[in-house]
Asker: 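Following this message is one structure expressed as structure tokens.
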Number of protein chains: 2
Amino acid sequence: MSNAETADMPDDGAPKTPDRLRRRASRLLSQLSTRSDRLITEGLAQADARKWHYAALASLQEYGPASQAALSRRTGIFSSDMVGVLNELVERDLVERGPDPDDRRRNIITISAQGRLHLLRLDKVLDGLHDELLAPLSPAERDQFVELLNRLLDHHTRSS
Amino acid sequence: MSNAETADMPDDGAPKTPDRLRRRASRLLSQLSTRSDRLITEGLAQADARKWHYAALASLQEYGPASQAALSRRTGIFSSDMVGVLNELVERDLVERGPDPDDRRRNIITISAQGRLHLLRLDKVLDGLHDELLAPLSPAERDQFVELLNRLLDHHTRSS
DNA sequence: AGACAACGTTTGTTGCACTAACGGTTGTGG
DNA sequence: CCACAACCGTTAGTGCAACAAACGTTGTCT
């Protein structure tokens with residue numbers, strides 16, 4: 001009976017967030033994630049791109065040509081969604097999609113010169129956006145934040 | 001020409017995530033958030049609850065009876081969604097919804113004894129789930145993680 | 001040969017964040 | 001007093017991301 005405010009005023013003034021909610025990592029994560037998502041999505045839209053474009057291009061750049069299935073596994077994008085992403089990338093001449101002569105089930109996706117260039121541009125854009133996203137954190141804190149996220153994500157992807 | 005693997009093997013073996021993606025906080029956030037969301041949602045489902053139930057009950061417990069609009073502001077739930085949440089809570093006798101005699105536009109929502117009890121149970125459930133969610137982190141790291149999240153979220157809710 | 005798995009694709013489902021519009025009510029300015 | 005804006009709760013609907021199901025095609029294994 002000592003913790004709750006049960007005074008006469010039932011309402012507003014300062015509509016503050018309950019303490020319980022400010023302590024739950026799950027809630028903070030989902031709230032922050034939607035803000036972050038919106039920021040990134042809008043930022044990339046001005047470069048005529050989506051975050052999945054970046055994921056696919058980055059994967060191609062770092063690991064070389066790959067099949068759509070391999071791309072799906074590396075980026076976490078579902079194959080069903082990968083189709084559309086690659087359609088858009090092909091449309092923009094950022095990648096090329098050709099049949100694999102050794103395995104006619106597969107397509108081989110290759111990044112183009114324009115694709116590499118576009119990837120560099122997107123890197124710049126994302127650098128700026130992340131500066132905005134992580135603005136209140138010092139460089140050291142940003143690194144630790146990323147490290148904690150990676151540890152958590154690794155843990156939850158292994159046991160899936 | 002020196003960084004990409006352009007060997008003969010075009011494909012799998014170890015479908016690892018590109019480095020670029022492992023460094024972007026936005027991506028880590030959204031990936032982790034979906035895992036976390038699923039974990040919490042499934043866990044709460046076994047207690048016949050959703051995360052929004054918790055948010056509403058917590059807000060009522062900490063700040064006392066309130067109108068639906070006030071609840072919306074405090075929890076971040078949209079009024080349009082609040083309707084359904086409260087319907088479910090009323091159905092379970094966890095809250096009571098009555099008209100405000102002083103302002104006939106409003107409803108006054110009050111948490112019931114059962115509601116308080118249910119909230120305690122949910123706290124226990126969430127404690128367990130967060131133990132699972134934050135498993136790889138030490139207690140100190142968990143605290144710092146939550147603090148960083150709060151700082152970021154505060155920053156991005158002020159400037160909205 | 002035949003069973004089975006992987007590939008790319010289409011289609012559809014679910015849940016969430018969010019917008020738009022509504023009738024009903026209140027407070028405000030003139 | 002009365003027009004008018006602002007707020008309330010509610011309904012309906014949009015857009016998008018994460019995912020599931022099924023398909024025909026192609027490769028692999030025995």
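Every value quoted in this text rests on a predicted model; they were computed, and no experiment measured them. So you know, we letter chains A, B, ... as the sequences are listed, proteins then strands, and number each from 1.
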Asker: Tell me if the side-chain of A:Ser80 makes a donor-acceptor pair with the base of C:dT11, cut-off 3.5 Å, by modelled atom types.
Answerer: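 Per atom types, no contact qualifies.
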Asker: What nucleotide, of C:dG24, D:dA20, D:dA17, holds the atom closest to the side chain of B:Arg105?
Answerer: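 My answer, after comparing the listed nucleotides, is C:dG24.
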Asker: Would you say B:Arg97 reaches D:dT10's phosphate, i.e. side-chain N/O to OP1/OP2 under 4.0 Å?
Answerer: yes
Asker: Is it true that A:Gln61 and A:Arg116 share a donor-acceptor pair across their side chains at a distance under 3.5 Å?
Answerer: yes
Asker: Quick one: is B:Gln68 getting a side-chain N or O under 4.0 Å of the D:dC7 phosphate, OP1 or OP2?
Answerer: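 B:Gln68 to D:dC7 OP1/OP2: no side-chain N or O under 4.0 Å.
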Asker: Rounding to an integer number of Å, can you tell me how far A:Arg35 CZ sits from D:dA17 P?
Answerer: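 Distance check: A:Arg35 CZ to D:dA17 P gives 18 Å.
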Asker: Could you tell me how far apart B:Asp100 (CG) and C:dG24 (C1') are, to the nearest whole angstrom?
Answerer: 15 Å
Asker: Side chain to side chain donor-acceptor pair (under 3.5 Å), that's the test. Do B:Asn87 and B:Arg97 meet it? Break it down for me.
Answerer: CA-CA 9 Å; B:Asn87 283 343; B:Arg97 169 158 47 184; 2.4 Å; yes
Asker: Calculate the interatomic distance between A:Asp81 atom CG and D:dC16 atom P; express it in whole Å.
Answerer: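 From A:Asp81 CG to D:dC16 P: 13 Å.
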Asker: Starting from the 5' end of DNA chain C, give me the residue, A:Ser79 or A:Gln31, whose nearest nucleotide shows up first.
Answerer: A:Ser79
Asker: Consider the side chain of B:Val83, meaning its heavy atoms from C-beta on, and name the nucleotide among D:dC7, C:dT19, D:dT10 that approaches it most closely.
Answerer: D:dT10
Asker: Between D:dT25, C:dT25, D:dT10, spot the one nearest the side chain of B:Asn107, thanks.
Answerer: D:dT10
Asker: Does B:Asn87 have a side-chain nitrogen or oxygen under 4.0 Å from the phosphate oxygens OP1 or OP2 of D:dT10?
Answerer: no
Asker: Are B:Ser59 and B:Arg74 close enough, and set up right, to give a side chain to side chain donor-acceptor pair (under 3.5 Å), and what steps lead you there?
Answerer: CA-CA 7 Å; B:Ser59 177; B:Arg74 288 210 273 258; 3.1 Å; yes
Asker: Could you tell me whether the side chain of A:Arg106 has a donor or acceptor atom within less than 3.5 Å of a complementary atom in the base of C:dC7?
Answerer: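 A donor-acceptor contact between them is absent.
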Asker: Rounded to the Å, how far apart are B:Leu86 CG and D:dC8 C1'?
Answerer: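 It works out to 14 Å between those atoms.
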Asker: Starting from the 5' end of DNA chain D, give me the residue, A:Pro101 or B:Ser30, whose nearest nucleotide shows up first.
Answerer: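 Result: B:Ser30.
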Asker: For the pair B:Asp37 and B:Lys51, evaluate salt bridge (Lys or Arg N to Asp or Glu O under 4.0 Å) and give the outcome as yes or no after the intermediate values.
Answerer: CA-CA 9 Å; B:Asp37 260 29; B:Lys51 36 184 182 155; 3.3 Å; yes
Asker: Taking side-chain contact (heavy atoms from CB on, under 4.5 Å) as the criterion, tell me which of B:Leu71, B:Leu89, B:Thr110 meets it with B:Leu60.
Answerer: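 Between B:Leu60 and the candidates, side-chain contact (heavy atoms from CB on, under 4.5 Å) is satisfied uniquely by B:Leu71.
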Asker: Starting from P on D:dG9, measure out to CD1 on B:Ile108 and report it in whole angstrom.
Answerer: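 That distance rounds to 10 Å.
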Asker: Ignoring hydrogens and geometry beyond distance, is the side chain of A:Asp103 in donor-acceptor contact with the base of C:dC7 at under 3.5 Å?
Answerer: no
Asker: Is the phosphate of C:dC7, meaning OP1 or OP2, less than 4.0 Å from a side-chain N or O of A:Arg73?
Answerer: yes
Asker: Go through C:dT10, D:dC8, D:dA20 for me and flag the one nearest to the B:Ala69 side chain.
Answerer: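 Output: D:dC8.
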Asker: Given atom CZ of B:Arg38 and atom P of D:dA17, what is their separation to the nearest angstrom?
Answerer: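 For the pair B:Arg38 CZ and D:dA17 P, the rounded distance is 17 Å.
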Asker: Please give, in whole Å, the distance from C:dG15 C1' to B:Leu39 CG?
Answerer: 17 Å
Asker: Heavy atoms under 4.0 Å, any strand shown: does B:Asp37 hit a base, just sugar-phosphate, or nothing?
Answerer: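 B:Asp37: no heavy atom of the nucleic acid under 4.0 Å.
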